[in-house]
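Read through the structure below, which is laid out as structure tokens, and then see the notes.
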2 protein chains.
Amino acid sequence: MRVLEGRWKMIIIFHLFSEPVLRFSELERRIHGVSQKMLSQHLRELENDGLVQRTVYPEVPPKVEYRLTEVGQALCPALDAILRWTELRRDLPHAVAAANAEQS
Amino acid sequence: MRVLEGRWKMIIIFHLFSEPVLRFSELERRIHGVSQKMLSQHLRELENDGLVQRTVYPEVPPKVEYRLTEVGQALCPALDAILRWTELRRDLPHAVAAANAEQS
DNA sequence: CTGGATCCAACGAGATACTG
DNA sequence: CAGTATCTCGTTGGATCCAG
């Protein structure tokens, strides 16, 4: 379960979910604020954990594609559920604040 | 979404999911390896984020109960999906390893 | 274009001791 | 019982420079 730990991992997977094949620079552009180091590091970890497949095309200039593996795709329903939860959360933050206020 | 970041947060929520009301020491016993510091710190953060409700009984000895808020409970389907995914992952780690081996 | 290497700051997390 | 206070250390993450 610690496979998902890391500032950008879920975000990377989200992007590879909505856009099945992405190159390094495309991910970099889509994920605002990520550094090259963190992107490649997280991609390597996700690859080692079997969530992401890395395909290298021996060309000049180099071209590398990333896509989710079968296991990675199996995660999508779960991440979708989390995404929907975050949206739900924004819909009723007042109830939360009110409950906390009452409590104290 | 960073609300869930932290080594023990998901685990805490899992326990409050299967056992709706737990005291501090009960959580401490159930979560193997957590320190008091991390437990109370994560519980405070979860409380501030509106996922966990903290109830103090002004008794001697002190008694504090933790339970999920409505928002916290809404997370359970998502966490369940993740849990099921981790189990699925253990069922086909061979396919992953094989794919990696072929790739390289 | 796709990174690797290096350095550094900030944060997370554990161990330990102490308290109302 | 339910924490807080420190200290320390390892890890994470960012910036920058370099390379095939």
Side-chain angles (χ1 to χ4, degrees), chain A residues 1-16 19-49 51-69 72 100 103-104, chain B residues 1-16 19-49 51-69 72 100 103-104:
Chain A
M1 205 161 76
R2 312 200 51 178
V3 165
L4 295 179
E5 284 183 13
R7 176 80 179 79
W8 308 98
K9 286 200 183 158
M10 284 186 154
I11 300 177
I12 292 173
I13 296 174
F14 272 128
H15 282 277
L16 287 175
E19 195 92 21
V21 179
L22 285 173
R23 302 180 56 176
F24 187 86
S25 54
E26 292 174 328
L27 280 167
E28 193 178 0
R29 271 192 298 275
R30 273 157 225 260
I31 304 177
H32 187 68
V34 71
S35 64
Q36 288 187 330
K37 173 193 169 186
M38 293 316 300
L39 184 54
S40 74
Q41 180 179 314
H42 279 172
L43 281 170
R44 250 182 292 122
E45 291 171 6
L46 289 172
E47 188 192 0
N48 291 334
D49 288 332
L51 301 199
V52 164
Q53 182 194 349
R54 182 169 177 268
T55 310
V56 181
Y57 295 89
E59 300 174 352
V60 175
K63 175 179 170 183
V64 181
E65 287 180 351
Y66 295 91
R67 73 194 70 202
L68 293 179
T69 63
N100 287 344
Q103 192 66 16
S104 64
Chain B
M1 203 161 78
R2 310 200 52 178
V3 165
L4 295 178
E5 284 183 13
R7 175 80 180 78
W8 308 98
K9 287 199 183 161
M10 284 183 146
I11 301 177
I12 291 173
I13 296 174
F14 272 128
H15 282 277
L16 287 176
E19 196 92 22
V21 179
L22 286 172
R23 303 179 56 175
F24 187 88
S25 55
E26 292 173 326
L27 279 166
E28 193 179 359
R29 271 192 298 276
R30 273 156 225 258
I31 302 177
H32 187 68
V34 73
S35 63
Q36 286 189 328
K37 172 196 168 184
M38 291 316 300
L39 183 54
S40 75
Q41 180 179 314
H42 279 172
L43 281 171
R44 251 182 293 122
E45 291 171 4
L46 289 172
E47 187 193 1
N48 290 335
D49 288 331
L51 301 198
V52 164
Q53 183 193 348
R54 182 169 178 270
T55 311
V56 182
Y57 296 89
E59 301 173 356
V60 176
K63 175 179 171 183
V64 181
E65 287 179 350
Y66 294 92
R67 75 194 68 204
L68 292 180
T69 63
N100 287 345
Q103 193 66 14
S104 61

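Chain letters run A, B, ... following the sequence lines, proteins first, then strands; residues in each count from 1.
Scanning for side chain to side chain contact (heavy atoms under 4.5 Å, CB included) contacts around A/R67 gives A/V21, A/Q53, A/T55, A/Y57, A/E65, with sequence neighbours left out.
Between A/P62 and A/H42, the residue whose closest nucleotide on DNA chain D is further toward the 5' end is A/H42.
Residue contacts shown for A/Y66 are limited to sugar-phosphate atoms, with no base heavy atom under 4.0 Å away.
D/dG3 atom P lies 13 Å from atom CD of B/E59, rounded to whole Å. Look at CD on A/E5: it is 15 Å from C1' on D/dG13, rounded to the nearest Å. Separating the CG atom of B/L43 from the P atom of D/dA2 is a distance of 11 Å, rounded to the nearest angstrom. In this structure, the CE atom of A/M38 is 17 Å from the C1' atom of C/dT2, given to the nearest Å. Straight-line distance from the CD atom of B/E26 to the P atom of D/dC1: 10 Å, rounded to whole Å. One atom, CZ of A/R2, and another, C1' of D/dT12, lie 12 Å apart when rounded to the nearest Å. B/E47 places its CD atom 15 Å from the P atom of D/dA2, with the value rounded to the nearest Å. In this structure, B/L27 places its CG atom 10 Å from P of D/dG3, rounding to the nearest Å.
Residues B/I12 and B/H42 come closest through the heavy atom pair CD1-CB, 3.8 Å. When all heavy atoms of B/Q36 and B/F24 are compared, the pair lying nearest together is O-CZ, 3.9 Å.
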Steps toward salt bridge (charged side-chain N to carboxylate O under 4.0 Å, His left out) verdict (A/R2, A/E5): CA-CA 5 Å; A/R2 312 200 51 178; A/E5 284 183 13; 3.3 Å; yes
Verdict with reasoning, B/M1 to A/M10, per side-chain contact (heavy atoms from CB on, under 4.5 Å): CA-CA 9 Å; B/M1 203 161 78; A/M10 284 186 154; 4.0 Å; yes
Reading 5' to 3' through nucleotides 4-11 of chain C, protein heavy-atom contacts under 4.0 Å coded B for base, S for sugar-phosphate only, - for none: S-BB----
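You'll find the side chain of B/K9 reaches within 4.5 Å of the side chain of B/E45, heavy atoms only.
A sub-4.0 Å separation between OP1 or OP2 of D/dA2 and a side-chain N or O of B/S25 is present. Residue B/R23 has a polar side-chain atom (N or O) positioned under 4.0 Å from OP1 or OP2 of D/dA2.
When the options B/L43, B/V34, B/L46 are evaluated for a side-chain contact (heavy atoms from CB on, under 4.5 Å) with B/W8, the one that passes is B/V34.
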